[in-house]
Amino acid sequence: MDVRKVTESLLLSGIKRKLAQWGISREISFSVEIPRQEEHGDYSTNAAMQLARHLGKKAREVAMELVEAIREEDEKGWIASLNVAGPGFINIVLSDHAWREVVATVLRKSERFGSSETGKGTRVLIEFVSANPTGPLHVGHGRGAAVGDALSRLLSFEGYEVATEYYVNDVGNQMDKLGRSLHVRYLQECGIAADLPDDGYRGEYLAALARDFRREEGERYAGVPEEEALPVFRKVACDRILDGIRMDLNDFRVGFHNWFREESLHREGGVSEAIEELEKRDLLYRSEGAVFFKSETHGDEKDRVLVRADGRTTYFAADVAYHRRKYLKGYDRMIDIWGADHHGYAPRMMAAMRGLGEDENRLEILLVQFVTLVRDGKAVQMSTRSGEFTTLREVIDEVGVDAARFFYLLRSFHSHLDFDLTLAKTQSSENPVYYIQYVHARICSIFREAGSRGVFLSDNPHLSSLSLPDEVKLMKKVARFPDVISEGARQREPHRIPFYLLDLSREFHAFYQNHRFLGEAPERTQARLALAKAVKTVVSNGLSLIGVSAPESM
RNA sequence: GCCCCCGUAGCUCAGGUGGAUAGAGCAGCGGUUUCCUAAACCGUUUGCCGGGUGUUCGAGUCACCCCGGGGGCGCCA
């Protein structure tokens, strides 16, 4: 039972009947929304205003007539009052028992409450993080991980068949540089003078990796010529760094169905197939020894190289092949989550997909904006030159996984994020994540206390005593959860969840302050416990969608 | 120069497919505990929604222009 849907269908059937009377066959679009002002009712529709222009009547008159028709549809007394306001809005107030049914629904659906199954039958592939295995994940990757993982959970919850994938760029220039850098570090460990190339990876993590490698393998690679040793160092560096990334993500509660290796794409001929396919469609040409893709004709600002003059393919060529493969796998939707610095890349990818004859609208590229760490009100400086970024690992160690995930999702990913380490670390109510978790812990505590008093919530509690304004307010807040979920999923905006949870938590804490759950008359106690259970369920469901734990005590 | 994101209270940010009198947290000030967890609650101050033009019954929301901040414009990834 979804309050909004029931209300909408009631309005719709009333309006349809009226339209039939007026002999209007065309569809009209109207909105049903929750007004900002409480006095404007629980829901409000602009249907009369939308209709007025077609009828040549005054909106308020149309509204009056619609109200009559809707009243006649409402046989069960779902609606408490309907009235016309302002320029022609129809304001709807639902009766209390409508809200009580929400509580009953939450108890019945439990961990499934909130899902509208809007994604049923849709297969979606979400690719995120996909950081190059040249160093540990930093705070920016953390945001992509938090957003991608939450979106995956959200879409799964909404009934989508979700697969998640991490694309590993384990081929190319940067892998050579990485191998060379590790080799130099290794030689240094062996006491042999060697200098990192100017464009080498300078991070401490590689020196540490070299130490490990020397401990395990001794100095048997010290005398091997560089070109011979390189493949070994390249592989060791890549594999170990990737293991580290996997562990970081695992500890961050982020897992992938598939780790897709770029290398496999080359090995299995995917890259040359993609190039041939474009060739067949006459979308390639040669210039100065290189092979160009005519992306400009497909909306890109200029043509792009697929094969360099020296015969090696570009990263772009592999990425085209990779995305072509996604289409071949038959996903209905493909979502890429990229850092904002890659935005210029989106048009050429779209161009390539269109060039291959695919529907580029099935590919969505979400650009996640940058993260600035803030400590004690000041930005934490990060040095690109030394290769020393603040890592995701450091952030997790400092503030914990729950706070880290929560803070990453506390902003729309379209916006730049100031990540306040000081606040995230604070173990008090000032910290929004604990504020929400405390609701869960508090309710668990109520049930523990109830149990010790021999009071238990019955399977089918009477809810009719839930009628105080504060009770109704809380029920209304609970009722919004399915809306937040379906809109969040539709718009790909997981940040709506933490915002909603904060809202619900405020409502609950205020209620807790002013009312008691235990020690009331038996029927009232049962009803209050049912309400508490409903809030607990929604908090728990919401937190699980963003990968944050719901503690039983704090 | 071109492209993407952002510009809303002192600070950090929310503001469903355009709706009626624009919100929260933090910061500031002042209160609340014989109680199911005070990791809580209540009160109080705050706005040219960057600026302009347009679209319309109605614009923080849509279109265009300008200003400001961040990012991107490689045969790097």
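The sequence lines fix the lettering, A, B, ..., with proteins before strands; numbering per chain opens at 1. Remember, it's a predicted structure, so these values are computed and weren't measured experimentally.
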### Task
Classify the angle between the aromatic ring planes of Tyr345(A) and Phe316(A) as parallel (below 30°), tilted (30 to 60°) or perpendicular (above 60°).
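Because their plane-to-plane angle is over 60°, the rings of Tyr345(A) and Phe316(A) count as perpendicular.
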### Task
For the residue pair Tyr166(A) and Trp259(A), categorise the inter-ring angle as parallel (less than 30°), tilted (30 to 60°) or perpendicular (more than 60°).
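Judged by the thresholds at 30° and 60°, the geometry between Tyr166(A) and Trp259(A) is parallel.
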Expressed as a whole number of Å, how far does the [atom1] atom of [N] sit from that of [M]?
N	M	atom1	value
rG69(B)	rA39(B)	C1'	36 Å
rG31(B)	rU53(B)	C1'	50 Å
rC3(B)	rC64(B)	P	11 Å
rU12(B)	rG7(B)	C1'	13 Å
rC67(B)	rG52(B)	P	15 Å
rG60(B)	rU8(B)	C1'	7 Å
rA14(B)	rC73(B)	C1'	32 Å
rG71(B)	rA27(B)	C1'	30 Å

### Message
With a 3.5 Å distance limit and no angle check, can you tell me whether Arg411(A) reaches the backbone of Tyr408(A) through a side-chain donor-acceptor pair?
### Response
no
Examine [N]: is either OP1 or OP2 under 4.0 Å from a nitrogen or oxygen in the side chain of [X]? Give yes or no.
X	N	answer
Asn173(A)	rC76(B)	yes
Arg308(A)	rC76(B)	yes
Lys177(A)	rC76(B)	no
Thr372(A)	rU12(B)	no
Arg304(A)	rC75(B)	no
His495(A)	rG15(B)	yes
Gln491(A)	rU17(B)	yes
Arg442(A)	rA38(B)	yes
Tyr345(A)	rG71(B)	no

Nearest listed nucleotide, side chain of [X], among [options]:
X	options	result
Tyr435(A)	rC41(B), rC36(B), rC4(B)	rC41(B)
Leu367(A)	rC6(B), rG74(B), rC4(B)	rC4(B)
Arg490(A)	rC57(B), rU17(B), rA14(B)	rU17(B)
Met49(A)	rC36(B), rC57(B), rG60(B)	rC57(B)

### Task
Answer yes or no: is there an ion pair linking Asp503(A) with Arg506(A), defined by an N-O contact shorter than 4.0 Å?
yes
#### Entry: Electrostatic pair Arg354(A)-Glu360(A), nearest N-O below 4.0 angstrom
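A salt bridge is present here (some side-chain N lies under 4.0 Å from a carboxylate O).
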Measure [atom1]/[X] against [atom2]/[N] and give the value in whole Å, please.
X	N	atom1	atom2	answer
Glu33(A)	rG19(B)	CD	P	6 Å
Asp303(A)	rG74(B)	CG	P	14 Å
Leu501(A)	rA24(B)	CG	P	18 Å
Gln50(A)	rU56(B)	CD	C1'	11 Å
Glu262(A)	rC76(B)	CD	C1'	13 Å
Leu502(A)	rG23(B)	CG	C1'	13 Å
His416(A)	rC11(B)	NE2	P	16 Å
Arg496(A)	rG16(B)	CZ	P	7 Å

Any N or O donor-acceptor pair linking the side chain of [X] to the base of [N] at under 3.5 Å?
X	N	value
Asp341(A)	rG72(B)	no
His343(A)	rG72(B)	no
Asp503(A)	rA14(B)	no
Ser44(A)	rA20(B)	yes

### Arg442(A) to Tyr512(A) six-membered ring, cation-pi geometry met (6.0 Å, 45°)
yes
### Query
Do Tyr285(A) and Phe293(A) have ring centres separated by under 6.0 Å?
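Ring-ring flag for Tyr285(A)/Phe293(A): false, centres at least 6.0 Å apart.
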### Residue matched to rG43(B) through Watson-Crick or wobble contacts both under 3.5 angstrom
rC29(B)
### Message
Looking at rA24(B) and Phe499(A): do their rings stack (centroid distance under 5.5 Å, interplanar angle under 30°)?
### Response
no
#### Entry: Residue met sooner reading RNA chain B from 5', once Arg312(A) and Arg506(A) are mapped to nucleotides
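First, find each residue's nearest nucleotide; the 5'-ward one identifies Arg506(A).
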### Query
For Asp310(A) and Val32(A), take the nucleotide of RNA chain B holding the closest heavy atom to each; which residue's nucleotide lies nearer the 5' end?
Val32(A)
#### Entry: Thr426(A) and Asn431(A): side chain donor to acceptor below 3.5 Å
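There is no such pair between these side chains.
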### Query
When syn is taken as a glycosidic angle within 90 degrees of 0, is rG72(B) syn or anti?
anti
